[in-house]
Amino acid sequence: MKVLLIGSGGREHALAWKLSQSELVTELVCAPGNAGIAEVAAIVPVAADDIIGIVALVQSGGFDFVVVGPEQPLALGLVDVLQEMDIKVFGPTEAAAQLESSKAFTKELCTRYNIPTAAYGVFTELKEAKAYLKTMKPPYVLKADGLAAGKGVVLPETRKEAEAELEEFFSGKFGDASQTVVIEEFMSGQEVSFFAVSDGITALPLIGAQDHKRAYDGDKGPNTGGMGAYSPTPVFDDKALALVMDKIIQPTIHGMAKDGHPFVGVLFAGLMMTPEGPKLIEYNARFGDPECQVLMRRLQSDLMEIFIAAEDGNLDKLKAPGWFDEPVVNVVLASKGYPGNYRKGGQIKGIDKANDMDGVVVFHASTKLNDKGVVCAAGGRVLNITAQASSLENAVAKAYKAIDEVIKWPGGFCRRDIAHHALK
Ligand code: AMP
Ligand code: GLY
C-alpha cells in the first residue's frame, strides 16, 4: 500500500518508524514531516492544516491510505473531505473529532451516557460563569471550550484569580476557543493517558502511559505539550484498563454511534485516577505526543493492520495486538525557553550515535537539515530520546546517558525526573 501520513512531530516520527516496518506498507510519504521522518519516509512540504494542499497531494499521489496524526486537520474536517473522494483514511470525521475540539460536547456526552467525569457547567456569559464559581471550591478549573494547543486550561487557586481569568477568557484570550468556557470540579489523583482504537462500533484497547505536562522538574512551571512519557505505569494495571473500557471507552463509542457520528480512529482518554476510581478529564481524537512514541516502541504487532481493520470496520475480527513487556521511557529535549520564547536553528550532533546505543531510538519532534546536512532545532519540542530496558529504572538511566554523554545540543534542555511517579 502507498500510505500518506499527515504531521511533523515526534508522534508522527514514531508512527512513520512503525509503519515503515509493516509489510503492508510498500511506500510511505509524510506531509510535511521532519528531518528524522525523512529517514523512513519521503517527505512533502505540505502543512498538516493545509486541507486544500493535502487534497491536491492525495489527488496527484495515488495513495491507497491516509493516516492523520495531529488534531487540527481532524477538527478542520480533512477526514470528511478524503472520504468524499473515496480515499481510505484512518481518523475521525469533523463531527466525531468534537470529542477533542469541544470540551462542552464531551461533557454533555458524559452526562447523557453516565460516563464518570468532573461535575461541570458550560458558560457563554461572564456573569453566569462568575455566579457558578461561587458554588465551587478552590482550586478552580477553567477551560476554553475549543482547541488551544494544550494551553486552554487554567487552575487558579483563588476566586479572585479565577474571576480575572474568566474575564480574559471571554475577552478572547484563546480567540473563539474561549468564547465558551467550561468550569469544572477539581479532581485529585495521578493522571494516565489511555488509548483505544475504534472502527465506530468496536473499541480495541491499546495501553496506558503517563505524560509529564509541566515544563520543569517536580511538575512545576507552565504547561507544555508534554515533556516526557513512560509505559507501563503501575497506576494503570489490567484491572484499571478493564474498568476504563467498561465505564468510559465503550459507553463513549456506543454513544457516538447512537448520536450519529461514529468515532473511527484513536480515542485518547486523559484520565484522573481518583480515590473513587478512574474519571475522564478529557478526550483527544488522536495519539498523544509524547505518549505515542512509547506506545509505538512497545507495540509488537503490525500498526498498519490495526489501521486497516479500523477503517474497514473489522476490529472485532482482529487479534488483540501484542506488546513488549519491557518498559519504555521518552525524554523530550526542548529548546531552552520553551514553552515561552526560544531560538531556532541550533545544530544538534550525536543523534546517530545515540541511535546506536542498545535500546535507544531517537525520534525527531521538530528538526530540519541545514544546507550542510546537519540536523538543526526547528521548534519548541525538538527531540524525543526513547529507551527500552529490562526495568523502568534502566530505561530511564539509558535515556539520560544518551542525553548527557552522546547528544550534543547546547541550546536544549530536558526534565531530569521523567517517570518519577513510578520510580519513587
Ligand atoms: P486538559 O487539557 O483538559 O487535559 O487539562 C490540562 C490539565 O489540567 C490536565 O492534564 C490536568 O492536569 C488538569 N486538569 C484538567 N481538568 C482537571 C480537573 N477537573 N481536576 C484537576 N485537574 C484538571
Ligand atoms: N501529551 C498530551 C497530548 O498529546 O495532548
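When a ligand or atom number is given, it counts from 1 through the structure's own listing order. A quick note: this is a predicted structure, and the numbers were derived from the prediction, not measured. All values below come from the heavy atoms of this structure, side chains included, with hydrogens, waters and symmetry mates left out.
- Scanning for salt bridge (Lys or Arg N to Asp or Glu O under 4.0 Å) contacts around E125 gives an empty result, with sequence neighbours left out.
- Residue I201 qualifies as open at atom CD1: its count of foreign heavy atoms under 6.0 Å is 12 or below.
- Residue contacts with ligand 2: G225 is included, with a non-hydrogen atom under 4.0 Å away.
- Under 4.0 Å from ligand 2, the heavy atoms of E291 that appear belong solely to its side chain.
- Ligand 2 has at least one atom lying under 4.0 Å from a heavy atom of R286.
- Atom CD of E393 is surrounded by 12 or fewer heavy atoms from other residues, nucleotides or ligands within 6.0 Å.
- Residue-level proximity to ligand 2 for E100 is absent, since no heavy atom of it falls below 4.0 angstrom.
- Near M272, the atoms of ligand 1 lying under 4.0 angstrom from a non-hydrogen atom of the residue are 21 (C), 22 (N).
- Not a single heavy atom of G226 sits less than 4.0 Å from an atom of ligand 2.
- Counting the atoms of ligand 2 from 1 in the order shown, those under 4.0 Å from a heavy atom of G288 are 4 (O).
- Using modelled atom types, one finds no donor on one side chain facing an acceptor on the other under 3.5 Å when comparing D217 with H420.
- Distances between N or O atoms of K213 and those of ligand 2 include no value under 3.5 Å.
- Remark: the D289 side chain and the Q293 side chain contain an N/O donor-acceptor pair separated by less than 3.5 Å.
- There is a side-chain donor-acceptor pair under 3.5 Å between Y230 and Q210.
- Counting heavy atoms closer than 4.0 Å to ligand 1, residue E185 contributes backbone atoms (N, CA, C, O) but none from C-beta onward.
- With sequence neighbours left out, D238 forms a salt bridge (Lys or Arg N to Asp or Glu O under 4.0 Å) with no residue at all.
- Under a 4.0 angstrom heavy-atom cut-off, C292 registers as lying outside contact with ligand 2.
- Comparing K279, E100, M187 against atom 21 (C) of ligand 1, the shortest heavy-atom distance belongs to M187.
- For N330 and T386, the side-chain atoms include no donor-acceptor pair closer than 3.5 Å.
- Under a 4.0 Å criterion applied to the non-hydrogen atoms of K213, ligand 1 contributes the atoms 10 (O).
- The aromatic rings of F90 and F307 lie parallel to each other, their planes meeting at an angle below 30°, with 60° marking the opposite boundary.
- Short contacts between ligand 1 and K143, defined as distances under 4.0 Å to a heavy atom of the residue, involve ligand atoms 3 (O), 15 (C), 16 (N).
- Applying the 4.0 Å criterion to heavy atoms of D211 picks out, from ligand 2, the atoms 1 (N), 2 (C).
- In summary, the atoms of ligand 1 found under 4.0 Å from a heavy atom of E282, numbered by their order in the structure, are 1 (P), 2 (O), 3 (O), 4 (O).
- Set against the non-hydrogen atoms of E191, the atoms of ligand 1 under 4.0 Å away are 9 (C), 10 (O), 11 (C), 12 (O).
- Using modelled atom types, one finds no donor on one side chain facing an acceptor on the other under 3.5 Å when comparing N34 with S8.
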